[in-house]
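Report on the structure given below.
Any value given below was found using the heavy atoms of this structure, including those in side chains, with hydrogens, waters and symmetry copies removed.
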Amino acid sequence: MAILRLPTPKDRDGPRRIPFAPFRTIGFLLVQFVVLALLLLGVLLVHTTQDLATLDAHTQYMSDLALASRDALQRWRKEGATAGAAALRQALDGVANDAYALDSRSNERLAHIQSLLDQSGGTHLREALTLLASLNLQEQARGRELLAAAGQDARYTLIGTAVALAAFVIFLVVTLVFFRLRILRPLERLQRAMMALEIGSFTRVVDGAADPGISPLLSYYNQMLGRLELLEKNRRQYLQDLQREVNNAAHTLIAQHAAMARSERLAAVGETAAALAHELRNPLAGLQVGCANLKREMTDPALAARLGLMEDELRRMSRLLDRPLRGARQSHELGQPVVMRETLEGLLKLLRYQVPDGVTLRLLPGPESICMLPLDQLRQAVLNLVLNAVQALAEQGGAIEVEIHQEAEQLRLIVADDGPGFPESLLREGIRPFASNKEQGTGLGLAMVRRFVRNLGGEIQLRNLTPHGAQVTLLLPCPNPRAEEEEAAYGG
């Protein structure tokens, strides 16, 4: 029984409420009223019964007087006054013994009539009959009064019965109304709430109008509903988390599959690059020797300087092609002191002969910086960024600006143009190999720049300028060459 016990008013905060309190109060008052009415009705019934018994005895008394008068008159007519007086005296003796007279003087008058009959025999028979008739009239008047009192008591009894019946009907109506408002209606609300629960609606039952006798049931249902709602919320949250985990797992699998595909393509590109490097080594070596011979034979200093730049680029390309053939992709180029402005000026001077007429290249003024960096990879990264900008400006023309800043041991290299800017997909998804919006692009230029920066422990930043244009910022570590040399000497 303790397991099925519902919360009682004692279990909740606040004053204790008595179950069925209004019904008890009204019922107690009505029961008291009915009891009083029944007591009054009983008293009236007893009194009426007594009046009817008295009236019955009095009627018998009046009938005896009338019979005595009639018998006396008949004996008087038949046998004379003396016989009539004797018959009357004998009848009056029986009536006097009954003593049902209502008037207190009736017995005295009967005694007086009997004394008249005893004194003179039949002489005073007429006077005795007259007195007896007067006595009978007086008793009849008293009988009518008694009958009226009995009728009044009967009316009171009827009124009391009607009042008691009305009180019972009122009690019954009040009971039905109370049962309807305080018990049945809350139970109907509970039934509707339970039907709504079947379709997933957590509707509370308001127990404000419910009687305290069933309030614990409604309160327990609301508590149970709260627990069910919390469990349903946790279940939905669990399903959402599970769905999110499934989606994340699916995205991870897709990303891994894409990464494997990219790895396969990179492997294929590596094999192709090694084959191309093998095929291009000899032509590049011939071009390099030819440029060197032409440079020695050239008398014009400007043309000799231009051939020197071409020779340097051919030498750099030869070194780059040698690495795949020597299996050096896992190794990194050693750093060397690089004079940034001199290096960038030479690279831009060479690129000016490759850009269209509508595109201008400019190196913004700034401080002189010397950093320990891999020279060939740095030139390749800047070359890729400038060529990307040239391709963006090829149709409409524009300007490309290169800028360098040094902050402590960090180099900031900026390449900016006033072209259409980067695609939103690139800014949103980041740099991905083989992902290019250009018709003939490979998607490897920015990927190679990012790999170069990350190998050095740096950072690459892409953003669009306002109102138009694109900017690439390379944040590269720039250690002091003297400190590097001193550290190497100390370590040696």
Side-chain angles (χ1 to χ4, degrees), residues 251 254-255 258-259 261-262 265-266 269 273 309 313 316-317 320 340-341 343-366 376-407 410-456 458-476:
H251 292 162
I254 294 174
R262 285 196 297 269
R265 284 184 289 179
L266 287 174
V269 169
L309 293 174
E313 285 300 309
R316 185 179 65 83
M317 293 300 298
L320 291 176
M340 295 301 302
R341 296 195 62 82
T343 303
L344 294 178
E345 285 176 353
L347 180 61
L348 294 180
K349 185 182 296 184
L350 178 63
L351 288 173
R352 286 191 181 96
Y353 299 106
Q354 305 180 28
V355 299
D357 295 336
V359 178
T360 60
L361 297 175
R362 185 173 57 172
L363 178 63
L364 298 181
D376 292 342
Q377 294 182 13
L378 175 64
R379 289 171 61 87
Q380 184 67 41
V382 176
L383 179 64
N384 286 334
L385 295 179
V386 175
L387 290 179
N388 283 343
V390 170
Q391 292 176 3
L393 299 174
E395 297 180 359
Q396 61 185 19
I400 301 173
E401 296 179 348
V402 180
E403 185 178 2
I404 55 174
H405 298 282
Q406 185 174 357
E407 302 172 358
Q410 185 181 56
L411 177 69
R412 182 184 296 270
L413 194 153
I414 302 173
V415 179
D417 63 74
D418 55 358
F422 292 114
E424 291 297 330
S425 60
L426 177 60
L427 297 178
R428 182 177 62 255
E429 300 174 3
I431 301 172
R432 294 180 300 165
F434 303 104
S436 176
N437 293 330
K438 302 172 186 177
E439 293 183 0
Q440 297 180 353
T442 62
L444 292 175
L446 286 176
M448 293 175 63
V449 175
R450 183 183 63 177
R451 184 173 61 178
F452 161 69
V453 173
R454 287 183 176 178
N455 288 339
L456 295 178
E459 182 181 354
I460 181 171
Q461 298 175 352
L462 307 180
R463 74 183 186 95
N464 287 331
L465 302 177
T466 304
H468 55 80
Q471 176 178 299
V472 181
T473 302
L474 303 183
L475 301 177
L476 303 174

Under a 4.5 Å cut-off applied to non-hydrogen side-chain atoms, are [X] and [Y] in contact?
{"X": "Glu403", "Y": "Glu401", "value": "no"}
{"X": "Leu387", "Y": "Val355", "value": "no"}
{"X": "Leu475", "Y": "Leu413", "value": "no"}
{"X": "Gln471", "Y": "Val415", "value": "no"}
{"X": "Arg362", "Y": "Val402", "value": "no"}

Atom [atom1] of [X] and atom [atom2] of [Y]: how far apart are they, to the nearest 0.5 Å?
{"X": "Glu345", "Y": "Leu363", "atom1": "CD", "atom2": "CG", "result": "5.5 Å"}
{"X": "Phe422", "Y": "Leu462", "atom1": "CZ", "atom2": "CG", "result": "4.5 Å"}
{"X": "Arg352", "Y": "Thr360", "atom1": "CZ", "atom2": "OG1", "result": "9.0 Å"}
{"X": "Phe452", "Y": "Asn384", "atom1": "CZ", "atom2": "CG", "result": "11.0 Å"}
{"X": "Arg451", "Y": "Ile460", "atom1": "CZ", "atom2": "CD1", "result": "13.0 Å"}
{"X": "Leu344", "Y": "Lys349", "atom1": "CG", "atom2": "NZ", "result": "13.0 Å"}

>> Looking only at side-chain N and O atoms, does His405 offer a donor or acceptor that is under 3.5 Å from a partner on Glu407?
In response: no

>> Would the distance check show the side chain of His468 and the main-chain N or O of Asp418 forming a donor-acceptor pair, the cut-off being under 3.5 Å?
In response: yes

> Is there a donor-acceptor contact under 3.5 Å from the side chain of Arg450 to the main chain of Ile431?
Replying inline: yes

Give the minimum heavy-atom separation between [X] and [Y], together with the two atoms involved.
{"X": "Gly419", "Y": "Leu393", "answer": "CA-CD2, 3.3 Å"}
{"X": "Leu465", "Y": "Ala470", "answer": "CD1-O, 4.1 Å"}
{"X": "Pro356", "Y": "Val390", "answer": "CD-CG1, 3.8 Å"}
{"X": "Leu347", "Y": "Leu383", "answer": "CD2-N, 4.0 Å"}
{"X": "Ile400", "Y": "Ala389", "answer": "CD1-CB, 3.6 Å"}
{"X": "Leu364", "Y": "Arg341", "answer": "O-NH1, 3.1 Å"}

>> Pair Met340, Leu378 - check side chain to side chain contact (heavy atoms under 4.5 Å, CB included), show working.
In response: CA-CA 10 Å; Met340 295 301 302; Leu378 175 64; 3.8 Å; yes

> Between Thr473 and Arg412, is a side chain to side chain contact (heavy atoms under 4.5 Å, CB included) present by the stated rule, with each step listed?
Replying inline: CA-CA 7 Å; Thr473 302; Arg412 182 184 296 270; 3.7 Å; yes

>> Between Leu446 and Leu426, does the side chain to side chain contact (heavy atoms under 4.5 Å, CB included) criterion hold? Intermediate values first, please.
In response: CA-CA 11 Å; Leu446 286 176; Leu426 177 60; 4.1 Å; yes

>> Run the side chain to side chain contact (heavy atoms under 4.5 Å, CB included) test on Val472 and Ile414 for me, step by step, so that the C-alpha distance in whole Å, both residues' side-chain angles and the decisive distance to 0.1 Å come before the verdict.
In response: CA-CA 6 Å; Val472 181; Ile414 302 173; over 6 Å; no

